[in-house]
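Chain identifiers are assigned alphabetically (A, B, ...) following the order of the sequence lines, protein sequences preceding nucleic acid strands; residue numbering begins at 1 within each chain. Hydrogens, waters and symmetry mates are skipped; everything else that's a heavy atom, side chains included, is used.
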Amino acid sequence: MTLTDPYNDTVRACFEKPGHAGDLQGEYAQSLEASAASSDQGMTVALSVGISDGMIVEMRFRAWACPHLIAAAQMLCADRQGRLTDSLQQFDVNGVMQQLSIPVEKTGRVLLLEDAVTSLWQQYTKLCKTDSGTG
Amino acid sequence: MTLTDPYNDTVRACFEKPGHAGDLQGEYAQSLEASAASSDQGMTVALSVGISDGMIVEMRFRAWACPHLIAAAQMLCADRQGRLTDSLQQFDVNGVMQQLSIPVEKTGRVLLLEDAVTSLWQQYTKLCKTDSGTG
Amino acid sequence: MSNGPIYLDYAATTPPDPRVLHVLQDSLGQTGSFANPSSIHAAGRQSAAMVAIARTQVAELLNTRQERLIWTSGATEANNLAIQGVANAREHRGKHLISMATEHKSVVDTFAALEKRGYKVTWLKPDGSGRLLLDSLSQAIRPETQLVSVMHVNNETGVIQDIHKIGMLCRERDVLFHTDAAQSVGRLAIDLAELPVDLLSLTAHKFYGPQGIGALFVADRPAVQLSPIMFGGGQERRLRPGTLPVHLIVGAGAAARIAADEMHENLSHMTAMRDRLWNGISDLDDLIRNGLPVHCYPGILNVSADGVEGESLMLGMEPVCVASGSACNATSGESSYVLRALGRDDLLAQSAVRFSFGRPTTAAEVDTAIDRYRWSVEHLRGIAPAKTGLLLK
Amino acid sequence: MSNGPIYLDYAATTPPDPRVLHVLQDSLGQTGSFANPSSIHAAGRQSAAMVAIARTQVAELLNTRQERLIWTSGATEANNLAIQGVANAREHRGKHLISMATEHKSVVDTFAALEKRGYKVTWLKPDGSGRLLLDSLSQAIRPETQLVSVMHVNNETGVIQDIHKIGMLCRERDVLFHTDAAQSVGRLAIDLAELPVDLLSLTAHKFYGPQGIGALFVADRPAVQLSPIMFGGGQERRLRPGTLPVHLIVGAGAAARIAADEMHENLSHMTAMRDRLWNGISDLDDLIRNGLPVHCYPGILNVSADGVEGESLMLGMEPVCVASGSACNATSGESSYVLRALGRDDLLAQSAVRFSFGRPTTAAEVDTAIDRYRWSVEHLRGIAPAKTGLLLK
Ligand SMILES: Cc1ncc(COP(=O)(O)O)c(C=O)c1O
Ligand SMILES: Cc1ncc(COP(=O)(O)O)c(C=O)c1O
């Protein structure tokens with residue numbers, strides 16, 4: 001008997017031990033926060049990044065969310081941490097949904113996460129314009 | 001498990017071997033026939049009696065009927081045969097229904113039988129008036 | 001079984017196949033799942049998976065997709081949902097409906113209830129063989145006709161209607177077509193990918209599944225709109241609420257699979273049993289076979305015997321269990337409206353016996369049935385007045 | 001069972017009691033009878049006898065007579081039959097109906113369907129403890145009111161309504177009273193000889209009987225007129241057509257008898273399990289117990305936890321199977337309307353967990369549930385933004 005388990009192993013692992021949940025641990029030259037919430041689903045996701053020299057040194061999330069969205073946030077943070085801030089420019093909604101086997105009805109929730117990332121990137125580019133030369 | 005058998009042993013026995021079914025076998029000084037039928041139920045019962053010296057020498061029935069009515073007719077014939085013609089005056093509807101455990105919804109069918117007996121008795125008294133002195 | 005009842009009433013209901021019994025027991029026991037398939041927890045998901053498998057099994061029997069099936073408590077409910085459902089959903093388009101006089105009570109009475117609510121129902125009569133004449137259907141269809149409901153196999157006579165042609169005609173004339181296939185699903189091949197049928201009712205207890213579970217097939221066409229007749233949770237695409245009975249559904253699925261696998265073999269067996277029975281009794285005087293054999297499902301043999309009363313015939317047949325042409329309720333005295341529609345008078349209809357055969361039926365059982373039938377007919381004719389029902393005619 | 005799911009969702013559905021399983025197996029096997037109880041042959045009569053015994057068993061559980069019960073496919077159908085049935089039968093007398101916002105979907109949606117057909121429905125709100133205030137009912141009753149429907153035990157919170165007082169008020173004011181007792185039959189003592197109840201719905205799968213069978217009690221009073229919602233054979237006093245599912249009915253009867261015999265003992269067990277669970281979690285911050293305990297059936301414990309999302313809570317609880325305050329359908333995102341009617345906001349309603357206990361529940365299972373609940377709440381609160389749902393309020 002195969003069960004139609006709505007959560008794949010990655011989702012379960014991220015849910016069980018979301019290593020990037022919480023607030024920034026270190027102190028950073030630049031730190032940014034962004035969050036997004038949906039009124040109909042009641043989901044909330046907040047991201048924070050610590051940046052040094054154009055690098056994402058630390059990335060954290062907080063979420064009041066379903067397991068899929070928690071897992072997506074956890075994966076995002078784990079992936080971006082250690083990469084260039086440029087990586088905040090891209091967010092592959094379809095890729096995330098596929099990797100986490102997120103049902104199509106939940107697309108809206110993944111888009112929330114995209115909103116938060118986009119917001120981070122916009123804040124970052126604004127910041128760069130203000131104190132130009134640091135970026 | 002007790003089954004709610006609609007037919008008691010007497011009904012079953014009468015149905016299986018209705019010794020009085022058929023036509024009169026002998027030749028009688030007086031023989032009478034009567035029948036009754038109901039249009040709604042489709043039941044038909046016909047009685048015939050062979051009478052000698054005020055005695056019912058033979059009594060027979062024919063029926064296109066349910067097992068209860070067949071049994072009632074058989075019982076009636078068996079009971080009256082050998083008795084005085086006077087016995088055609090009485091027909092105990094309740095007694096028959098009780099003895100054969102006939103459900104109350106079938107009362108109408110037993111009344112058919114009563115009609116046929118009554119008709120026999122009426123014919124008989126008429127007959128007596130006509131050839132008075134024989135009775 | 002030697003002294004117990006001999007069951008030849010498989011058109012009324014079939015016992016669960018031993019393999020279905022096994023599946024039912026498993027499903028009710030430790031390896032099964034009783035949880036509510038709507039629950040999101042693991043036990044609920046296991047139930048949902050079992051329900052999905054069973055739905056696919058029934059869908060495969062009919063060559064359709066599992067999403068097209070709505071579980072119901074049986075064919076009665078499926079018929080009610082189809083007929084009331086279409087009538088209510090399409091009320092604004094027109095209130096004319098068409099069915100046949102020989103339909104099952106659950107179709108007849110549902111239409112009759114709609115008549116009381118102001119619908120016009122045209123009741124078509126079959127020809128003497130029991131079949132619907134396409135011409136009469138064609139003439140009955142009006143611009144405001146919403147639904148035609150004609151059963152596949154008749155439960156009393158076994159007469160098979162040509163649902164392909166009927167469905168084609170309905171499609172041409174833009175009318176929905178429902179068929180009560182309670183007697184044919186699992187017994188005759190039905191290919192819903194081919195058949196122009198919009199709604200089809202079935203019930204598991206007619207094909208060796210458990211009692212209390214059936215389904216309505218709903219074709220994937222925009223025209224097929226249904227209103228629910230019961231309201232509640234969102235189960236079954238909002239068409240049929242209530243906790244899904246997992247073990248019954250699993251049992252229905254298993255029964256469907258077995259029926260699909262063994263259909264051909266079952267049909268040959270039915271034919272052999274029916275022919276054996278008919279050969280054993282057909283020399284009796286004044287028997288009438290109801291339903292033209294060439295158009296009949298071979299699992300049913302319906303015979304009227306002049307001069308014999310129905311209830312007495314049933315008692316004479318003991319220990320053979322068969323159905324009678326008089327109403328189920330012995331004391332209602334009503335004779336079969338199906339047989340009367342075929343031209344039998346009241347007395348002939350009442351004298352009818354429906355023999356119906358099943359997988360477990362043996363030649364020895366059929367032979368006992370032959371003996372009992374011969375005895376009963378001769379015995380009762382011996383008791384009956386010379387001219388049956390003379391007083392009544 | 002060590003690694004398998006731990007089932008604490010007995011308010012959703014209960015597994016058949018092992019003794020009921022046994023009866024089901026017997027009923028499906030050689031010693032039972034599958035024949036149609038409407039058939040007049042010996043096999044049919046055996047089925048009818050079995051159905052009669054089971055009907056008496058259920059009647060005895062409720063202290064009523066067996067003729068008062070109509071078999072249905074479950075409580076959803078019984079609720080629909082009661083509510084639609086009264087509305088349709090008494091339409092000419094008035095089209096006002098009264099119910100509560102906290103009823104089961106099968107009651108709420110049935111009334112909602114009647115609203116669409118032009119009926120006026122007054123939806124009463126419970127007080128914060130979940131109970132109906134008699135005053136508000138009294139004020140809602142109008143001369144044209146036909147029916148009041150208030151459930152006995154709420155399926156989410158376990159809140160028990162005082163159906164005796166409600167029924168008395170209805171009698172005084174000459175209004176029919178229906179109660180959905182799906183959650184109380186077989187769990188709490190119900191004496192229909194005493195209770196002023198006109199219609200009562202039940203379902204066997206909530207008291208360790210099989211799924212797919214329920215009943216509607218219909219009081220023997222001239223005022224209680226019902227129209228059927230399905231049409232067909234004359235079964236069940238013409239109120240509910242369809243072949244009676246013999247094994248399900250026999251199973252329901254057996255379950256009723258066991259429930260009657262062991263009610264007291266079951267209730268003590270429920271109370272012990274519930275109190276153990278609550279004692280194990282009540283020191284967590286910001287928990288809210290839904291439903292005032294003194295008015296609650298002890299088999300249900302419903303708790304909201306601030307700052308915790310429902311679906312994640314369900315996953316965190318694994319392998320413990322409990323029900324959530326978010327809709328069955330995880331992606332609908334709808335939170336419990338029952339809890340919202342008790343004054344919980346969306347987020348608190350969504351965070352609710354319904355633990356429900358059964359005969360098989362063990363202290364060890366409850367302890368696992370405690371562990372998993374504590375872990376989940378703390379884990380999810382650790383992940384959540386400082387101010388839950390801040391952005392939403
Ligand atoms: C042709 C037909 N339709 C409908 C039904 C009703 O089926 P169910 O008993 O599952 O409601 C039956 C059998 O009883 C039948 O033979
Ligand atoms: C209070 C209540 N009413 C009605 C129902 C519906 O019962 P069923 O699933 O038997 O239709 C349920 C359970 O699902 C319930 O808890």
Give a yes or no on this: more than 12 heavy atoms of other residues, nucleotides or ligands lie within 6.0 Å of atom CZ of C/Arg372. yes
For D/Asp9 versus C/Ser39, what's the shortest heavy-atom pair and its separation? OD2-OG, 3.5 Å
If you tally heavy-atom pairs under 4.5 Å between each of C/Asn36, C/Thr14, C/Leu81, C/Leu248 and chain D, the highest tally belongs to C/Leu248
From C/Ile40 CD1 over to D/Glu311 CD, what is the distance, rounded to the nearest 0.5 angstrom? 6.0 Å
Anything in residues 104-111 of chain D with a heavy-atom distance to chain C below 4.5 Å? Please list those residues in order. D/Lys105, D/Ser106, D/Asp109, D/Thr110
Quick check on D/Ile229 against chain C: is it the side chain, the backbone, both or neither that has a heavy atom closer than 4.5 Å? both
Tell me the closest heavy-atom pair linking D/Thr76 and C/Gly242, and the distance in Å. OG1-CA, 3.4 Å
D/Met314 versus C/His41: any side-chain heavy-atom pair under 4.5 Å? no
Apply side chain to side chain contact (heavy atoms under 4.5 Å, CB included) to the pair C/Arg117 and D/Asn88, showing each step before the final yes or no. CA-CA 11 Å; C/Arg117 280 179 42 203; D/Asn88 290 335; over 6 Å; no
Mind checking whether C/Ser73 and D/Arg240 have side chains closer than 4.5 Å, heavy atoms only? yes
Non-hydrogen atoms of C/Phe34 and D/Gln211 that approach each other most closely: O-NE2, 2.7 Å
When the 4.5 angstrom heavy-atom criterion is applied to D/Leu24 and chain C, the contacting part is side chain
Side chain, backbone, both or neither: which part of D/Glu318 has a non-hydrogen atom closer than 4.5 Å to chain C? side chain
Does any backbone or side-chain atom of D/Met230 lie under 4.5 Å from a heavy atom of chain C? Answer side chain, backbone, both or neither. both
Any residues in residues 15-23 of chain C near chain D, with a heavy-atom distance under 4.5 Å, and which are they? C/Pro15, C/Pro16, C/Leu21
Return the CD to CZ distance between D/Glu77 and C/Phe231, rounded to the nearest 0.5 Å. 13.0 Å
Contact leader toward chain D among C/Ala12, C/Ala323, C/Ala35, where contacts are heavy-atom pairs under 4.5 Å: C/Ala35
